[in-house]
Amino acid sequence: MIALADDRISPALADEDELTVDGLLLRVRTSTRRKRFALTVETDAALTLHAPWGRSVSEAEGFVRAHRDWLVTKLGLRERTRPLNPAKRLVEGEVFRYLGRTYRLAIVPDSPVHGGVRLIAGRLVMGRDEAEDPARGRMALVDWYCRVGRAWTAGRLQPWAARMGVSEPALEVCDLGQHWGKYRPGGEGREPGRMSLGWPLFQLPMHLVDYVVAHELAHVRISGHRGDFWRLLGLALPEYEERRTELDELGRRMWMGQIE
């Protein structure tokens with residue numbers, strides 16, 4: 001780790017060094033293409049200093065100090081919006097959400113009919129063999145969210161597409177990592193494209209799933225998030241800003257597939 005340097009003998013920064021300045025720890029990334037210093041606050045609240053190759057530690061420290069207030073503000077914002085996604089255990093009574101409601105896991109000696117996970121009498125039922133194998137159990141739960149999520153959305157897609165005046169895209173529910181949804185335009189002769197929804201989305205209340213569906217449908221007509229995109233979304237969903245804020249807050253607390 002780099003300590004605060006004497007300005008009279010200031011070594012050059014090296015790629016992947018760590019620099020501590022007034023209590024802030026930063027990872028250093030150097031580049032021969034870069035002309036100026038820059039700072040980023042990563043999604044995990046880590047700090048990165050981007051530096052031109054060959055610049056000194058003392059120069060870097062001065063830059064960080066000059067932008068310390070900005071860094072502290074951004075760090076506070078990142079911590080407030082940092083994902084708090086819990087891990088789950090495949091044990092009797094563990095709570096899972098579906099469309100805003102909670103359901104407890106029931107472990108049975110044999111897998112449900114047709115295998116996988118089933119919602120039976122208000123309980124998510126899983127076989128003991130799957131529960132005792134974290135990889136299989138996770139796969140079974142993700143598959144269940146994909147199946148029920150696609151079935152639920154299939155009934156909502158056409159009314160939303162009609163409301164927004166766009167063609168109804170092909171639909172899939174799958175693992176999109178940290179994304180709630182994506183829209184990919186179709187190629188020539190393959191209109192109108194494909195909407196993908198991330199399976200964790202279906203833990204959220206229905207009105208937030210609707211927001212994501214409407215958001216992705218707006219991309220059928222408009223790519224990017226310029227003003228005309230938000231105007232189109234606002235025509236179909238005037239309260240989209242409130243729903244977007246709620247999605248940001250609730251979404252960071254949803255289970256994203258981690259098994260303890």
Side-chain angles (χ1 to χ4, degrees), residues 1-90 94-95 97 134-135 138 142 174-182 198-201 203-204 208 211-212 215 224-226 230 241-260:
M1 183 176 296
I2 298 173
L4 297 182
D6 187 327
D7 286 340
R8 293 170 298 177
I9 307 173
S10 184
L13 293 165
D15 198 47
E16 298 295 339
D17 271 346
E18 289 184 341
L19 179 70
T20 301
V21 182
D22 297 345
L24 297 175
L25 176 64
L26 303 98
R27 183 180 64 172
V28 176
R29 300 298 302 270
T30 63
S31 171
T32 56
R33 297 180 180 180
R34 179 170 289 279
K35 304 298 183 183
R36 299 181 180 87
F37 287 108
L39 295 162
T40 56
V41 181
E42 311 298 343
T43 55
D44 61 355
L47 303 178
T48 302
L49 172 67
H50 304 274
W53 184 84
R55 301 293 285 271
S56 70
V57 171
S58 59
E59 288 179 290
E61 292 169 353
F63 179 81
V64 173
R65 289 192 179 103
H67 295 83
R68 192 178 194 282
D69 289 346
W70 178 88
L71 275 175
V72 170
T73 299
K74 290 294 183 181
L75 271 174
L77 177 62
R78 180 64 73 192
E79 287 293 347
R80 289 194 297 275
T81 59
R82 188 175 180 177
L84 303 173
N85 311 119
K88 296 287 189 182
R89 295 184 300 153
L90 301 182
E94 180 66 281
V95 172
R97 293 181 178 273
R138 180 189 186 280
V142 169
C174 57
D175 192 341
L176 294 178
Q178 297 298 312
H179 295 280
W180 297 117
K182 286 185 178 180
W199 65 263
L201 174 66
Q203 299 169 85
L204 294 165
L208 296 183
Y211 163 73
V212 175
H215 181 113
H225 295 95
R226 302 181 303 274
W230 297 111
E241 291 187 5
E242 292 87 346
R243 295 198 184 184
R244 180 172 60 178
T245 299
E246 188 178 355
L247 176 64
D248 289 342
E249 177 57 30
L250 282 182
R252 60 195 288 257
R253 303 175 187 277
M254 291 299 102
W255 178 60
M256 301 302 286
Q258 184 179 353
I259 300 293
E260 289 184 341

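Shown here is Trp53, whose CH2 atom has no more than 12 heavy atoms of other residues, nucleotides or ligands within 6.0 Å.
When each of Leu19, Leu49, Asp22 is checked for a side-chain contact (heavy atoms from CB on, under 4.5 Å) with Glu61, only Leu19 meets the rule.
The distance from atom CG of Leu13 to atom CD of Glu59, rounded to the nearest 0.5 Å, is 8.0 Å. Glu242 contributes atom CD, which lies 11.0 Å from atom OH of Tyr211 (distance to the nearest 0.5 angstrom). The line from CG of Leu250 to CG of Leu204 is 6.5 Å long, rounded to the nearest 0.5 Å. Atoms CZ and CD, on Arg89 and Glu94 in that order, are 6.0 Å from each other to the nearest 0.5 Å. The distance from atom CD of Glu241 to atom CZ of Arg244, rounded to the nearest 0.5 Å, is 5.5 Å.
In this structure, the side chain of Arg55 does not engage the main chain of Ala60 through any donor-acceptor pair within 3.5 Å. In this structure, Trp255 contributes its side chain and Gln258 its backbone to a donor-acceptor pair below 3.5 Å. Within the 3.5 Å criterion, the main-chain N or O of Gly257 finds no donor-acceptor partner in the side chain of Lys88.
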Contacts under 3.5 angstrom, residues 23-41 side chains, donor-acceptor by atom type, not counting sequence neighbours:
unit_1, atom_1, unit_2, atom_2, d
Arg29, NE, Glu16, OE2, 3.4
Ser31, OG, Arg33, N, 3.1
Arg34, NH1, Arg36, O, 3.4
Thr40, OG1, Glu42, OE2, 2.9
Thr40, OG1, His50, NE2, 3.2

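For the pair Gly54 and Ala12, the tightest heavy-atom approach, listed with the atom from each and the gap, is O-CB, 4.1 Å. Across every non-hydrogen atom of Ile259 and Pro134, the tightest pair is CG2-CB, 3.9 Å.
Scanning for side-chain contact (heavy atoms from CB on, under 4.5 Å) contacts around Val72 gives Arg68, with sequence neighbours left out.
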Inset, instruction - I would like to know whether Trp180 and Leu208 meet side chain to side chain contact (heavy atoms under 4.5 Å, CB included); could you show each step before the answer? - result: CA-CA 10 Å; Trp180 297 117; Leu208 296 183; over 6 Å; no

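By the 4.5 Å heavy-atom criterion applied to side chains, Leu47 and Leu71 are counted as neighbours.
Below 30°, between 30° and 60°, or above 60°: for His215 and Trp230 the angle between ring planes is above 60°, a perpendicular geometry.
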